[in-house]
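Structure, as structure tokens:
Note that this is a predicted model, so its numbers are computed, not measured. Below, chain A is the first sequence line, B the second, and so on; all start at residue 1. What you see below is based on every heavy atom in this structure, not just the backbone, and it leaves out hydrogens, waters and symmetry mates.
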Amino acid sequence: MTTRTDLVYLIALPLFSSAFLLLLGRIADKWGHFFATAISASTFGIGLYEFFAMRSRSGDFRAATQRIFEWISVGTFKVDASLLLDQLSICFVLLITGVGTLIHIYSIAYMSHDRDRRRFFAYLNLFIAAMLLLVLGDSYLNLYVGWEGVGLASYLLIGFWNERPAYATAAKKAFVANRVGDVGLSLAIMIAFTQFGSVTFSGVKDAALHASSAALTALGAMLLLAAAGKSAQFPLQSWLGDAMAGPTPVSALIHAATMVTAGVYLITRSNFIFDASSTARLLVVIVGAITLLFGAIVGTAKDDIKKALAASTMSQIGYMILATGLGPVGYAFAIMHLLTHGFFKASMFLGAGSVMHGMNDEVNMRRYGGLGKVMPITAVTFGLGYLAIIGVPPFAGFYSKDKIIETAFNAGGARGILLGGAALLGAAITAFYMTRVVVLTFTGQKRWADGTHPHESPSLMLIPIILLSVGSVASGFLLNKGNALVHWLAPVVDASGAEGGAELFKPIVVSALALGVVVLGVLTAVLKYRGTVPVEAPAGSPLTRFARRDLGQDDFNHRVLVLPGRAITKSLVGMDFHFVDGIVRAVGWTLSYLSLSLKKVQNGYVRSYALLMTIGAIALLATIWLVTL
Amino acid sequence: MFTSPILDYSLLAPILIILAGALIGVGVEAFARKEQRAPLQLGIALVSVVASFVQLLRVRNVRSLKAAIDSVAFDGATVFMQGSILVLAFFALLLIADRGNFVAQASAIPGSQDEHSSIAEGKSQTEVFPLTLFAISGMMLFAAATDLITLFVALEVLSLPLYLMAGLSRRRRLLSQEAALKYFLLGAYSSAFFLFGGAFLYGYSGSLSLTGIATAIDVNSGNDVFLLIGIVFLMVGLLFKIGAVPFHSWTPDVYQGAPTPITGFMAACTKIAALGAMLRIFYVALSADVVMWRPIVTVISIITMLVGAIAALSQRDVKRTLAFSSIAHAGFLLTGIIALNQSGLKASLFYLVAYGFATIGAFAVVTLVRDSAGEVSDMNRWVGLGKKSPLIAGAFCLFLLSFGGIPLTSGFIAKFSIFTAAYESGNTTVVVFGVLTSAIALFFYLRVIVMLFFTEPKSDAVTVSVPSLKVKLVLAASVIVTIVLGVYPSLLLNSAQSFASFLR
């Protein structure tokens, strides 16, 4: 462990900048966005510096800590506000600040017509600060602060255009779904405290060695619930699609590249708990597998380009969660997929934003078509992201996704077949719906609405996209080269002795299988959508309709959670009114009755007052007499 | 043989400075020109208060029983209480000086031709300032006196100006004069009790000094019946001044009728002086006889809290409500006497300051809410004030929350420490009732807050007049003290701790 003193600036800079811009008000309208971008860029600078400093340190000294102040001190329970920057957090720091800065730059142009651009940038800075706190906290409690902070920033940004009620509702939905997950996290913290007496990562890790399996399973399940809320995993996935109401840069940064991957971070950070509880691991892989298929299926039916991408995000995070559930060897692959996904998904979202920018904010892909010719740069960068996500070698997604599928097959026995099969099927569907997006948007005839004149976006928007797409081309190869990331992360996730699983298939076979299904998916989509595409969506099969309605997730929530919840609330209100309030009202009546009778004594006549005093004095005498007798 | 008395003038100086200021004020009233009077009077009053406070600070570490032969004790409690009286009086004076709250010519009969002509002539009298100074000097002496004669003299010196001042209101003259007369009659009645009690105690102990009485109780020399009657009657006089049930009946009427700045001054400063004297008498003279008086003080404390809190519920007038709240606080303060230990004394001192500031602040707000006919104290017309004037209404809420003892306000720390002291001394009953009545009182305070902030304002508009610099100062000081003592109480608790001692 190394002690450092400059980690806190990573968080302090964007935090203060955010407060600064919000407090300054309209005065800062002219330069606020440049200021925020410069702050974000400087955090990236600090991140890079920390990264090289870390690389130059050897072995055990790579992880660094900084104690900021003593936060809570109650009896023997002490929590410091401390930061921990280790091999895992630095990956996130670079991703958050790097992608974050690019998206800041992009937003300067994207939001240039918005009255509240300064507020938007203040929120973006707030998000950066909170997200960095989330990945830098050295205890579950510190993480929780960041966790709530990103929730707040996400809420503010989804509802940024809150003058439109639907957007405000979407923000609220995201907020509520996230709260359910947060209950999981706070319960996990309480379990950790009562069972282990500590809430720091290192403290819990030490205590987990001797903990009962029931406690570990409960802790794991609660952490998984938290992760599901934040990362839009089954069964708390319903908010992500609606969250696309926010400005597109927000979707790219928060709802694709960084915040939604916090769940993956949480599980990876808590690897010592999941390693010790096979039940918790099983729950993780189930959630991951269901979500990756769920998201992929929903993605095939969406006509809204952002919602299609959102479904795809859900599905890709499903892959990551699945990987974390596969034991020590899976964590590094989950993080690798997270990083590559951060690049290609952000680049595609920004591409979608660029398309919308040229198409008068149209999001319906059936209204696109033939945009490749008018927006060549957007089309090419989007295409690179597309090749990355469907996993075509040598693009980024190929390396990371392939590893996950391979590891899933190696889980052993029927479980391996099932999980590997699901992952493989997911890859096929991914290829299908992503091809659909590309074909509908960039090729074929023009189906533009009247009066739209698509054009390529300004260079301030294109440069970030180009830089990100470089990442979506090269990041996979670089991270995988000589198992660089696996070795880098080894001290954190403790992958020693993880090579146990027998190989079901040779890696090359898995790659071939994956490529095969991808080609199948691509071909199906091309054949299906190459001809004329109706502007109005056809009725479609019942399955399509079901997928369009997000596989009934909202209906499910409504029937299973909202209606019974309302009924319970209603009956509780009734009981409260008749029973609890009844008592209170009775007390109230008694008191006001007493009060009114006291008022009568206060009649305003001096003679009655003097009489009262005399009686009082006599009563005092009598009492004291009785007492002393 | 008659020996000339030895007076320690440096220790008496704080009181003497105030008296001198008052005398100069009388001269100014007689000789200065009309338009010069008001600023001169205010200047003299403020300067004397500040000078007196400075002198008090200079001698704050001196401890002596011989300041004026054996009649005045200069100990920690004296310094603390005189200091708090001076600080609160300073702000009360600012409030008194703020625009025309006072009648032009108090002697004119309300509504008479005489009154009209005095207004037409533009007469204005400013005797309220010297009167206030006289009252302050009486209060300072009352808190320091150690023999029964001096106590009585101080009691009268502080009371007589207050009787007059209660009748000086410019608006609602009849109500004000009625209040003054009631206060005077009942005050005279209670003074008689006090004097009579003193006579009985002298009969019991053969001594007028508090320590002499204490010695007599120790050796149990006298007639127990005399002691008993003496204690009870003395207590009646003191309980009247702090407004404890059943000697409280004057409080609502006088609080309502008196000019609001005077009400604030009375509520804050008189309470310190009267409770200070009471603490001294019970801690110094009567502590040996605690088994006799503790039960009745407990009963009175409980009844006072209950009556104050419950009666406040049905009041419709802001000033009357604050009067009942002050009655309830008298009950809470009595727990500090019941505790009869050092932490009880410390808590009482803290409580008095915390309550004093919140009270002055609350009455300062009352002076601001007006319509064309002057102050509006009808609570129904305060509805929705928070929408019109969030800052002022917010300050009022803060004071109410402090009265209610909500954490992060000074009132919470005050209640907490005084109940803790009573609990330590084993008087759980009074603590239980104290907490219970706090809850009842809170209900009422919250109702007012709801009325101010969460109810739509009615059309018959009351306005919140723009506070003058003086009122702003008062409000700012009250708000700051109320919050600071709630957040960082050790600032004052530590000094209360070091000053919480009586010389015997």
Reported [atom1]-to-[atom2] distance for the pair [X] and [Y], which is rounded to 0.5 angstrom:
X: Arg294(B); Y: Ile624(A); atom1: CZ; atom2: CD1; result: 13.5 Å
X: Thr623(A); Y: Met292(B); atom1: OG1; atom2: CE; result: 12.0 Å
X: Leu228(B); Y: Leu621(A); atom1: CG; atom2: CG; result: 6.5 Å
X: Thr590(A); Y: Ile310(B); atom1: OG1; atom2: CD1; result: 9.5 Å

Practice problem: Any chance you could lay out the side chain to side chain contact (heavy atoms under 4.5 Å, CB included) test for Gln602(A) and Gln315(B), step after step, and finish with the verdict? | Solution: CA-CA 11 Å; Gln602(A) 198 73 36; Gln315(B) 298 303 320; over 6 Å; no
Quiz item: For the candidates Pro295(B), Ala311(B), Ala312(B), which exhibits the highest count of non-hydrogen atom pairs separated by less than 4.5 Å from chain A?
Solution: Ala311(B)
Quiz item: Between Ile300(B), Val232(B), Ile440(B), which residue shows the highest count of heavy-atom pairs closer than 4.5 Å to chain A?
Solution: Val232(B)
Is it the side chain or the backbone of [X] that comes within 4.5 Å of chain A heavy atoms, both, or neither?
X: Arg320(B); answer: side chain
X: Val245(B); answer: neither
X: Val236(B); answer: side chain
X: Leu306(B); answer: neither
X: Leu186(B); answer: both

Quiz item: Can any side-chain N or O of Ser314(B) pair as donor or acceptor with the backbone N or O of Ser592(A) at less than 3.5 Å?
Solution: no
Exercise. Could you pull out the closest heavy-atom pair between Phe193(B) and Ala617(A), with the gap in Å?
Key: CE2-CB, 3.8 Å
Practice problem: Any pair with a residue in residues 140-152 of chain A that passes salt bridge (Lys or Arg N to Asp or Glu O under 4.0 Å), sequence neighbours left out, goes on the list, sorted by first then second residue, please. | Solution: Glu148(A)-Arg179(A)
Quiz item: Tell me the salt bridge (Lys or Arg N to Asp or Glu O under 4.0 Å) pairs involving residues 182-205 of chain B, sequence neighbours left out?
Solution: Glu178(B)-Lys182(B), Lys182(B)-Asp253(B)
Self-check item: Within residues 604-613 of chain A, residues adjacent to chain B where the heavy-atom gap is under 4.5 Å
Solution: Gly604(A), Val606(A), Tyr609(A), Ala610(A), Leu612(A), Met613(A)
Whether over 12 other heavy atoms sit under 6.0 Å from [X] [atom1]:
X: Phe433(B); atom1: CZ; result: no
X: Phe184(B); atom1: CZ; result: no
X: Phe196(B); atom1: CZ; result: no

Quiz item: Does the side chain to side chain contact (heavy atoms under 4.5 Å, CB included) test come out yes or no for Leu594(A) and Leu313(B), once each step is laid out?
Solution: CA-CA 9 Å; Leu594(A) 279 175; Leu313(B) 291 178; over 6 Å; no
Practice problem: Can you sort out the partners of Ser326(B) under side chain to side chain donor-acceptor pair (under 3.5 Å), two or more places apart, ordered by chain and number? | Solution: Tyr255(B), Lys271(B)
Exercise. Begin with the C-alpha distance, continue with both residues' side-chain angles, and end with the deciding distance and a verdict on side chain to side chain contact (heavy atoms under 4.5 Å, CB included) for Trp625(A) and Val225(B).
Key: CA-CA 9 Å; Trp625(A) 213 300; Val225(B) 178; 4.1 Å; yes
Practice problem: Compare all side-chain heavy atoms of Phe324(B) with those of Leu598(A) and state whether any distance is below 4.5 angstrom. | Solution: no
Self-check item: Intermediate values then yes/no, side chain to side chain contact (heavy atoms under 4.5 Å, CB included), Trp293(B) and Leu620(A)
Solution: CA-CA 10 Å; Trp293(B) 56 260; Leu620(A) 280 190; over 6 Å; no
